[in-house]
Structures are given as structure tokens and as C-alpha cells.
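Both ligands and their constituent atoms are indexed starting at 1 by order of listing.
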Amino acid sequence: MQEDDALTRRYREILLEIGEDPRREGLLDTPKRAAKAMQYLCNGYGKTVEALVNGALFASDTDEMIIVKDIELYSLCEHHLLPFIGKAHVAYMPTGKVLGLSKVARIVDMFARRLQIQENLTRQIAESLRDVTQAAGVAVVIEARHMCMMMRGVEKQNSVMTTSVMLGAFRESSSTRQEFLQLIGGGR
Ligand SMILES: [Zn+2]
């Protein structure tokens, strides 16, 4: 039989610590599954935006705003290791180069699959998109529900946290910012 990896062994200890019996039938493979799930949810470590974009930058004359909205977002809060889930809306103003459409969602995933707080996640997505596209402006809005608020603590089940980062043209021009906010379903 194969030796369990370190993370699997740790999860078995956690089960013991919370008062469970890791030898009962329903839990026999739980440490291994939990370790695998955690590794998957944190697979954004060790990835870089450069490798992920992998040359999918295309020449384009457009200088109109490009928006990708309602990108599903799943992350883990760095304070409780509990999920926060929601949506990201991303926009940028290209300056000669546009990014392959799926790459925007991949950048969101790469940063979401690390331990995060929502504010830092929002900023990391915005800054890396600006760096990789040389865009004249980038806007990122994230709306998410945090399990650490819903399942514990204040137990506020319906609160949604909204964070935004506006760079370049989106910061300097209120009409550009307004256009973006309207297009993502606005009134915010
Ligand atoms: Zn938390």
C-alpha cells in the first residue's frame, strides 16, 4: 500500500482533533479526498500570468472598452480557509493588443485559487491584466458571498461584498467608469 502524503496525514489528524473517528467507514478515504480537493483549490500557486497567457495577445486597432462580465469566481479566504464565491467583472481599454477571451477568466482563476482576501484578489487581477496587455485602463469588480460570514461569526446569509479596482482611464475618467458600471448591470 502506498504511503499517504503529508497533507493526507494532516487531515486525518484534524478529524481526530474535532472528535471524529477517521477509521469509521464513511471517513476512510476522506483525508485523501480532502487533501486532493485542497490542492486543487490552491493550484494557483506556482503559475504565472505570462505562462498562462502563452502568447495569446493579438494585434487590434480597437480602442473601445472590452468587457468580460459574470466570470464565476471560487476562492478561499485566507483568514478561515472557507470559500467565498461570486462573480468577477473585468474590463480594459486596449492599446493595440487584445487578449484571447478565455485568458481573462484564466487570470481570474489563477489568483482565485490561492488563499485570498477579496480586496487583494481584485487588485492582483487588475494589475496583472494591465501589465500583460499594456492597456490604457483596467477595471475589476468582484461581488462575492463569504462562507466565513454566512456559516459562522455574524451569520449574515444575504450580505454580498463588493470590491473594485479602477486603473488608468477608468480611474481618471468618470464617464468611462460610468459606462463600465452601467454595462455590468449597474446602478452600483
Ligand atoms: Zn474569512
Side-chain angles (χ1 to χ4, degrees), residues 4-22 26-27 29-49 52 67-92 102-132 138-167 170-171 177 180-181 184-188:
D4 288 332
D5 65 27
L7 195 54
T8 299
R9 293 199 301 273
R10 296 303 185 311
Y11 270 116
R12 193 170 291 116
E13 288 165 19
I14 289 171
L15 290 176
L16 277 169
E17 289 296 329
I18 63 171
E20 262 294 354
D21 173 9
L27 293 180
D29 291 326
T30 297
K32 186 170 281 183
R33 281 192 296 256
K36 215 174 158 189
M38 190 51 124
Q39 270 155 352
Y40 180 78
L41 297 177
C42 294
N43 72 11
Y45 293 110
K47 289 185 179 169
T48 65
V49 173
L52 187 146
I67 299 188
V68 187
K69 66 178 212 172
D70 295 330
I71 301 168
E72 283 176 56
L73 176 116
Y74 304 93
S75 191
L76 291 176
C77 86
E78 68 184 28
H79 298 142
H80 304 94
L81 307 184
L82 289 172
F84 62 98
I85 64 183
K87 284 174 178 174
H89 313 289
V90 177
Y92 66 104
S102 69
K103 300 296 185 183
V104 176
R106 294 243 174 89
I107 290 173
V108 170
D109 276 349
M110 184 189 93
F111 288 111
R113 291 198 176 134
R114 299 174 181 185
L115 303 184
Q116 284 288 6
I117 63 170
Q118 190 176 324
E119 295 88 336
N120 293 345
L121 173 61
T122 311
R123 178 158 296 278
Q124 287 165 10
I125 294 166
E127 288 178 349
S128 72
L129 188 62
R130 177 195 58 194
D131 294 347
V132 79
V138 174
V140 178
V141 168
I142 293 178
E143 303 165 297
R145 292 169 188 274
H146 290 246
M147 294 307 140
C148 59
M149 270 189 83
M150 297 170 72
M151 299 175 69
R152 57 164 288 289
V154 289
E155 298 192 23
K156 291 281 176 263
Q157 270 78 21
N158 293 310
S159 56
V160 177
M161 180 168 167
T162 302
T163 48
S164 68
V165 170
M166 306 280 158
L167 303 176
F170 290 90
R171 173 171 279 275
R177 192 163 59 240
F180 165 66
L181 293 174
I184 65 171
R188 261 172 286 249

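Only protein atoms were considered; those of element N, O or S under 2.8 Å from the Zn ion (ligand 1) number 3.
The two residues Glu143 and Val160 have their closest heavy-atom pair at CB-CG1, 3.9 Å.
Using modelled atom types, one side-chain atom of Arg114 and one backbone atom of Gly44 make a donor-acceptor pair closer than 3.5 Å.
Proximity of Phe111 to Val49: side-chain heavy atoms (C-beta onward) are separated by under 4.5 Å at one or more points. In this structure the side chain of Tyr40 reaches within 4.5 angstrom of the side chain of Arg113, judged on heavy atoms.
Of the inter-residue distances, the one linking Thr122 atom OG1 with Gln116 atom CD reads 8.5 Å to the nearest 0.5 angstrom.
Of the candidates Arg130, Gln124, Arg123, Arg123 is the only one forming a side-chain hydrogen bond (donor to acceptor under 3.5 Å, both in side chains) with Glu127.
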